[in-house]
Amino acid sequence: MATSPLSLTSKPPSITRLRHQRPPLTTVRVSAATVTTTTGMPDHHHPSLEITGGGADRFLPAFNTLHLPYKPFPIIGWNRHLETIFAAFFRTVPEVKYRRECLRTQDNGTIALDWVYGDHRSLPSDSPILILLPGLTGGSQDSYVKHMLVKAKSKGWRVVVFNSRGCANSPVTTPQLQTASFTADTCHVVDHVSSRYPKASIYAVGWSLGGNILVNYLGREHHRCSLSGAVSLCNPFNLVIADENLRKGFNNIYDRALRGGLSRTFDKHASLFEEMHDEYNVQAGLNPRTVREYDEAITRGYKSVDEYYSNSCSCHVVQHVRIPLLCVQAANDPIAPIEATPYSDIKDNPNCMLIVTPQGGHLGWVAGDDAPFGAPWTDNVVIEFLEHLQKNASKPESS
């Protein structure tokens, strides 16, 4: 289950929490017949989409999918937990052959990039490139990653999966594993891909924790970001709220699954951490009871887990994003709670657009023509957005 779509970034309470409550923003509600402007929440009795953001008017022409109602697959798509678990275990996994490239970082760490095998010979050097960032403990083997890859490849895009340190059997050469705030590797990957294909436009898609890392990169590195556009899916945004939510009721199931994935990855590389007792609690990292306990024991660079969560929230940097960014969230996501979404900052940023589906669970979105076993509903939406940016050579705007 560690490699399933249960990829997130959970995190803590006890610090000052700035909750991003859903304000009564003016939003665009899309249904089968009309596109109207309304305030408040979408009609819960009719599947529809809530759309907002400073860039909504600018990007809406990109989508054909949004003229259709969101129709969750019967029964499976009506319960957020059932949908999340079904997608994690029963969604098909497309066959994809990779060619791995390992990069050495300045701190002597190792990053594993999985490129689609054969594309370096068959695609022109100026083909658009899509970098995929999976969720917590996720990697190039995950079904949701492969479905997006196949969809982009069918459009003639070059695709590469960025496996965070320790994920997807990538080598670990330093005591540094995946964290929600560590964007140095993202900078390194984007710079590497840019230098390798200088004539190509580069885009990125991140899921869950990968979405949080991606948005942190876009906001913190806006002055040097060379991406032409990005998409964030089921991003927890505020890790303080996400942590609190993860430890409630049935959500403990996800906490245990993610904790298991983290501890198994750490177990393979624990020897790298053993001589650094001042920074890590190796025994606690090997047998954590929760994701929070793991982060308290192993997460590097902060005095406490609360400080880590507080400083890793991508909601704090959305206002600084300077390239086209599409965010897609599910209103019933059990892992990335909708109340953590920074509505106001997305609305105020002319480069951002937010789509909220009424159902979807976490990395589920079992809806549309490919449901229930095929690609998530979001794949077509993402590709339409990226194709629009590539076709029109959209340029960043200043907020």
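Since this is a predicted model, take the numbers as computed values, not measurements.
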Do Val291 and Asp295 pass the side chain to side chain contact (heavy atoms under 4.5 Å, CB included) test, and can you show the C-alpha distance, the side-chain angles, and the key distance before you say yes or no? CA-CA 6 Å; Val291 172; Asp295 285 332; 3.7 Å; yes
Evaluate side chain to side chain contact (heavy atoms under 4.5 Å, CB included) for Leu326 paired with Ile355, printing each intermediate quantity in order. CA-CA 8 Å; Leu326 172 65; Ile355 299 174; 3.8 Å; yes
Side chain to side chain contact (heavy atoms under 4.5 Å, CB included) evaluation trace for Thr378 with Met148: CA-CA 9 Å; Thr378 47; Met148 178 63 71; 5.7 Å; no
Before you tell me yes or no, could you show the steps for Leu218 and Leu325 under side chain to side chain contact (heavy atoms under 4.5 Å, CB included), namely the whole-Å CA-CA distance, both residues' side-chain angles and the distance that decides it to 0.1 Å? CA-CA 9 Å; Leu218 298 178; Leu325 171 64; 3.9 Å; yes
Show your reasoning for whether side-chain hydrogen bond (donor to acceptor under 3.5 Å, both in side chains) applies to His147 and Asp379. CA-CA 8 Å; His147 275 291; Asp379 280 12; 5.1 Å; no
Output, in order, the C-alpha distance, side-chain angles, deciding distance and verdict of salt bridge (Lys or Arg N to Asp or Glu O under 4.0 Å) for Lys248 and Asp255. CA-CA 10 Å; Lys248 292 179 178 178; Asp255 191 38; over 6 Å; no
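Looking at every heavy atom in both residues, Gly361 comes nearest to Glu83 through N-OE1, 3.7 Å. The two residues Val215 and Val317 make their nearest non-hydrogen contact at O-CG2, 3.5 Å. Counting all heavy atoms, side chain and backbone alike, Pro134 lies closest to Gln178 at O-NE2, 4.4 Å. Considering all non-hydrogen atoms of both residues, Ile346 and Thr341 come closest at CD1-CG2, 4.2 Å. Contact detail for Ala180 and Asn216: the closest heavy-atom pair is O-ND2, 3.2 Å. Summarising the geometry of Gly139 relative to Asn163, their closest heavy-atom pair is CA-OD1, 3.3 Å, with the distance given to 0.1 Å.
Contacts of Phe373 classified as ring-ring contact (aromatic ring centres under 6.0 Å, His included), with partners at least two apart in sequence or in another chain: Phe86. When the side chain to side chain contact (heavy atoms under 4.5 Å, CB included) test is applied to Arg80, the partners found at least two apart in sequence or on another chain are Asn332, Pro334. Listed by chain and number, the residues in a side-chain hydrogen bond (donor to acceptor under 3.5 Å, both in side chains) with Ser232 are Asn235 (sequence neighbours excluded). Taking the salt bridge (charged side-chain N to carboxylate O under 4.0 Å, His left out) definition, one finds that Glu221 meets it with Arg224, sequence neighbours left out. Partners of Asp370 by side chain to side chain contact (heavy atoms under 4.5 Å, CB included), not counting sequence neighbours, listed by chain and number: Lys151, Ala375. Residues passing the ring-ring contact (aromatic ring centres under 6.0 Å, His included) test with Phe385, sequence neighbours excluded: Phe59. Looking at residues two or more places apart in sequence or on another chain, you find a ring-ring contact (aromatic ring centres under 6.0 Å, His included) between His81 and Phe250, Tyr254. By the side chain to side chain contact (heavy atoms under 4.5 Å, CB included) test, Glu293 is found to be paired with Pro288, Arg289, Thr290, residues two or more places apart in sequence or in another chain being considered.
Identified under the ring-ring contact (aromatic ring centres under 6.0 Å, His included) test for residues 162-187, with sequence neighbours left out: none. Pairs passing the salt bridge (charged side-chain N to carboxylate O under 4.0 Å, His left out) check and including a residue from residues 119-134, sequence neighbours excluded, read Asp119-Lys153.
Remark: side-chain polar atoms of Tyr280 are paired, donor with acceptor, to backbone N or O of Pro175 under 3.5 angstrom. Looking at Gln329, its side chain never comes within 3.5 Å of a backbone N or O of Val356 through a donor-acceptor pair. In this structure, Thr84 contributes its side chain and His362 its backbone to a donor-acceptor pair below 3.5 Å.
Using a 3.5 Å distance cut-off with no hydrogens or angles, the side chains of Thr357 and Trp365 do pair a donor with an acceptor. Side chain to side chain, Tyr302 and Ser181 meet the donor-acceptor criterion of an N or O pair below 3.5 Å. Side-chain contact annotation: Glu296 with Ser304, donor-acceptor N/O pair under 3.5 Å absent.
One finds the CH2 atom of Trp207 at 9.5 Å from the SG atom of Cys234 (value rounded to the nearest 0.5 Å). Atom CG of Leu113 sits about 11.0 Å away from atom CG of Leu132, to the nearest 0.5 Å. The CG atom of Leu233 lies 11.0 Å from the CG atom of Leu133; values are rounded to the nearest 0.5 Å. Separating the CG atom in Leu227 from the CZ atom in Arg322 is a distance of 15.0 Å, to the nearest 0.5 Å. We find the OG-CZ distance between Ser127 and Arg158 to be 5.0 Å, quoted to the nearest 0.5 Å. The CE atom of Met353 sits 9.0 Å away from atom CG of Asp57, with the distance rounded to the nearest 0.5 Å.
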Identify each donor-acceptor pair in which a side-chain atom of residues 94-105 lies under 3.5 Å from a protein atom, sequence neighbours left out, and give them as a table.
from	atom 1	to	atom 2	distance (Å)
Tyr98	OH	Ser140	O	2.7
Arg100	NE	Asp114	OD1	2.8
Arg100	NH1	Ala168	O	3.2
Arg100	NH1	Asn169	O	3.4
Arg100	NH2	Asp114	OD1	3.4
Arg100	NH2	Asp114	OD2	2.9
Arg100	NH2	Ala168	O	3.0
Glu101	OE1	Trp115	NE1	2.8
Glu101	OE1	His192	NE2	3.3
Glu101	OE1	Arg196	NH1	2.8
Glu101	OE2	His192	NE2	2.9
Glu101	OE2	Arg196	NH1	3.4
Arg104	NH1	Asn108	O	3.1
Arg104	NH1	Thr110	OG1	3.2
Arg104	NH1	Thr173	OG1	3.2
Thr105	OG1	Asp107	OD1	2.3
Thr105	OG1	Gly109	N	2.9
Thr105	OG1	Gly109	O	3.3
Thr105	OG1	Arg165	NH2	3.3

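Between Tyr203 and Trp157, the angle of the ring planes lies from 30° to 60°, which puts this pair in the tilted group.
A continuous path of hydrophobic side-chain contacts links Ile111 to Ile202 [ILVMFWY only; heavy atoms under 4.5 Å]. Linking ILVMFWY side-chain heavy atoms closer than 4.5 Å, directly or via other members, places Val205 and Val116 in a single hydrophobic cluster. In the hydrophobic cluster analysis, where Ile, Leu, Val, Met, Phe, Trp and Tyr join through side-chain heavy atoms closer than 4.5 angstrom, Phe89 is grouped together with Phe73. Residue Val193 is grouped with residue Ile323 when hydrophobic side chains (ILVMFWY) are merged at heavy-atom distances under 4.5 angstrom, including chains of intermediate members. Placement of Ile383 and Trp377 within a single hydrophobic cluster is found when ILVMFWY residues are connected by side-chain heavy-atom separations under 4.5 Å, directly or transitively.
When hydrophobic residues (I, L, V, M, F, W, Y) are linked wherever their side-chain heavy atoms come within less than 4.5 Å, the members clustered with Leu82 are Ile75, Trp78.
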